[in-house]
Every structure is written in C-alpha cells, then in structure tokens.
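Notes follow the structure.
Protein chains get the first letters and strands the later ones, always in sequence-line order, with residue 1 at the start of each.
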Protein chains: 2
Amino acid sequence: MRKENSSNAINGKQLRGDCGTAYTLSLIGGRWKPSILWRLLDGKLRYNELKKSITGISERVLVLQLRELENDHLVKRIVYPEVPPRVEYELTPLGWSMESMLQHISDWGTMHREDAIARQASKEKTVAAMADKG
Amino acid sequence: MRKENSSNAINGKQLRGDCGTAYTLSLIGGRWKPSILWRLLDGKLRYNELKKSITGISERVLVLQLRELENDHLVKRIVYPEVPPRVEYELTPLGWSMESMLQHISDWGTMHREDAIARQASKEKTVAAMADKG
DNA sequence: CAGCATCCTTCCTGATACTG
DNA sequence: CAGTATCAGGAAGGATGCTG
C-alpha cells in the first residue's frame, strides 16, 4: 500500500509493533471498509450490489478497497467464468472473526453518537442565542 | 476538520449515519490516536511524557490529535498556571468507556497479526525459492 | 457486468524554526 | 515546558471515459 522506504511506512511499522490496535485499524481503517465489511456480514454480494448499496463510493475506490481487503484475507473474490461476467465477494473465516469486534465498535458508536449530536445541537443553540443578542 | 461543503464531508456524514462503526472510526481512526488513548489508559500524562513515549510523532501532529480527542470529549486537558507551564492529559468518562472496545480491537489485532506475519514470511520464502530455481 | 487508466483535488503527515 | 507557524511531500479519495 505504502512505499516501504517512506518515513510514513516506517512509522506505520513501529505502530503496528506497538499494539494490536494499530494493526486492526490498518485493516479496517479505510474510509469505506467498515461499510463494505458490514454489508458482507449479511452474505455474499456481487460487485454491482455492493456499489449500489454503498451510496457515494466511486468505482475506483470500491475496487481498491476490495483488493486491499482481499490482500488482507478478509474478503474472498469469486469469479464465475460466464458471459456476462459475474463476481461475488464474501467474507473469509478471518473476515467473520471480526464480526463480534465490528459489533462492539458499532454499538459504541451508535450509543455515543447520540451524545455527540446532542452536544453539537446545544452548542449551535448557544451560538444562535448569542447571535440573537449580539 | 473538513470543509463542510466538499463531497468528502457529505459522504462522511452519510457514512456516520450508516452505522456506528464509521462514527467510532472517525474518532479513533487517526494514525496516532490509538497510541495516545492506549497510553492514557495507564493514567494521566504530561505533554512531554506523551511525546517521549510515542516514538516518531511530531509535535505538530501530537498537538493536533490531542485537540481532536479533546473536541470529541475523549480526553481532558488540564492546564496548571505555573512557571514553567505544566499541562496534563487524561481520559474523560467517555474516553474510559472505550476501554473494553480498545481491548477488543487490540486483542483481535494481536491475535491475527501473527497469522499475517506468518503468511507474509511463507510468501517471501516461496518467492525466494522460485528465485533460487529460476 | 465488472473493472482499469488517467487526471485531478483534498487531506494528512512530517520537518523545521520560532514563542509565551 | 508546551506549544504555534509555515512549508513541503505523499497518500487517499473522486470524476470521467474506456474495455474484455
């Protein structure tokens, strides 16, 4: 993914050595990877189904992320030698081993996102009130 | 952080709405944030202690990430009005609420990083063997 | 259908020098 | 001590057009 001799990559290695967290995040930290994995938890999907279900992703990025997930052995790519072509993506056992972890992450996010939104709203309210006065 | 009108930011919002996972990752997905949080799980630390304990991080980045963590209410910044100045960072209750999740993520990473390294090694061995033959 | 190639923009990161 | 300011480089992400 990264040039191995860039200081970027070197620091990344130190981090991975540092603790497992960084390693895990290097796998699922991509912008769209959680969405992809999340959808595949419901079962295998075709390329086009993935594309349509993830609003806003570009083809280029989708393919890139899928290839990375494939390289990391989280996702399996199955090509059917047909015309028209058909390609399906499904989680590998390693991918499935993430299920409870993804659930944990999602739960935390869902729970605390509410708080964050409430905080944001009250903040904007305060700003609005100040603007009213000023 | 991002310009709100960029398509980048819009897609980010959709993602956050998509599932809690993306929200959580937007908080801890930064390159150095896991390291920072991880260290603060051992107790509060001064700026310089953090800097020294995280090898390779630049001051600028450390400050930026700390500010983001502060804005997200994961970390509290305590300034002591002394000379020389002293600033300590500690986890907020919200930060502490991440503990088991971070542990989960770290455990997964530690466990499966071994596999990945082994895979990588056997791959390189194969390549080397092929090079020997060829 | 499933994707690759190309070009472009934005963002992130790091190094260096300076300050209250 | 605990930062800030500025600049540069590289990586990630996006838009579009084309192909087996």
List every contact pair, protein side and nucleotides 6-9 of chain D side both N or O, where the distance is under 3.5 Å.
unit_1, atom_1, unit_2, atom_2, d
dT6(D), O4, Arg60(B), NE, 3.2

Worksheet entry | Rounded interatomic separation in angstrom, taking NZ from Lys51(B) and P from dA2(D) | 9 Å
Item to complete: Quick one: do Val75(A) and Leu91(A) satisfy side chain to side chain contact (heavy atoms under 4.5 Å, CB included)? Show the steps, please.
Response: CA-CA 4 Å; Val75(A) 161; Leu91(A) 295 180; 4.1 Å; yes
Fill in: Residue Arg77(B), side-chain atoms from C-beta onward, closest of dG3(D), dA2(C), dC1(D)
dG3(D)
Worksheet item: Side chains of Leu66(B) and Leu50(B): does their closest heavy-atom pair fall under 4.5 Å?
Response: yes
Please tabulate, one pair per line, each protein N/O and nucleotide N/O from nucleotides 18-20 of chain D that are separated by under 3.5 Å, including the distance.
none

Worksheet item: Could you give the distance from CD (Gln65(B)) to CD1 (Ile28(B)), rounded to the nearest 0.5 Å?
Response: 12.0 Å
Practice prompt. Using the closest heavy atom to pick a nucleotide of DNA chain C for each, name whichever of Leu64(B) or Leu66(A) lands nearer the 5' end.
Written response: Leu66(A)
Discussion item. Looking at Arg46(A), I'd like to know whether one of its side-chain N or O atoms comes within less than 4.0 Å of OP1 or OP2 on dA2(C).
Written reply: yes
Worksheet item: With hydrophobic residues grouped by side-chain heavy-atom distances under 4.5 Å, do Ile105(B) and Leu41(B) end up in a single group?
Response: yes
Discussion item. From the set dA2(D), dG14(C), dG3(C), return the single nucleotide nearest to any side-chain atom of Arg86(B).
Written reply: dA2(D)
Discussion item. Can you measure Ile54(A) atom CD1 to dG14(D) atom P for me and round it to whole angstrom units?
Written reply: 12 Å
Discussion item. Is the ring pair Tyr47(A)/Tyr89(A) parallel, tilted or perpendicular, if the boundaries are 30 and 60 degrees?
Written reply: tilted
Discussion item. Rounded at 0.5 Å granularity, tell me how far CZ in Arg67(A) sits from CG in Asp72(A).
Written reply: 13.5 Å
Practice prompt. Drop me the distance from Thr92(A)'s OG1 to Met98(A)'s CE, to the nearest 0.5 angstrom.
Written response: 9.0 Å
Worksheet entry | Side chains of Trp108(A) and Leu27(B) in contact at under 4.5 Å (non-hydrogen atoms) | yes
Worksheet, complete the sentence: Value for CZ (Arg77(B)) from CG (Leu69(B)), rounded to nearest 0.5 Å, stands at 13.0 Å
Response to the item:
Taken to the nearest 0.5 Å, the spacing of Ile36(A) CD1 from Leu74(A) CG works out to 11.0 Å
Discussion item. How many whole angstroms separate atom OH of Tyr47(B) from atom P of dC1(D)?
Written reply: 11 Å
Worksheet item: When we call it a touch if two heavy atoms are under 4.0 Å apart, what does Gln65(A) touch: a base, just sugar-phosphate, or nothing?
Response: sugar-phosphate
Response to the item:
Taken to the nearest whole Å, CZ/Arg67(B) to P/dC12(C) is 17 Å
Worksheet item: Just how far, in rounded Å, is P of dG3(D) from CD of Glu88(B)?
Response: 12 Å
Fill in: Nucleotide nearest Val63(A) (side chain, heavy atoms from C-beta), chosen from dG14(D), dC1(C), dG3(C)
dG3(C)
Worksheet item: Does the side chain of Trp96(A) reach to within under 4.5 Å of the side chain of Glu99(A), using non-hydrogen atoms?
Response: yes
Item to complete: Starting at atom CD of Glu82(A), determine the distance to atom P of dA2(C), rounded to an integer number of angstrom.
Response: 10 Å
Response to the item:
Separation between CG (Asp42(B)) and CD (Glu90(B)), nearest 0.5 Å, reads 13.5 Å
Fill in: Spacing between Asn48(B) atom CG and dG3(D) atom C1', to the nearest angstrom
10 Å
Fill in: Nucleotide dG14(C), atom P - distance to CD1 of Ile57(B) in whole Å
7 Å
Discussion item. Roughly what angle, to 10°, lies between the helix axis at the start of the helix from dC1(C)-dG20(D) to dG20(C)-dC1(D) and the one at its end, five pairs per end?
Written reply: 50°
Worksheet item: At under 4.0 Å between heavy atoms, what does Tyr80(B) touch on the DNA or RNA strands: base, sugar-phosphate, or nothing?
Response: nothing
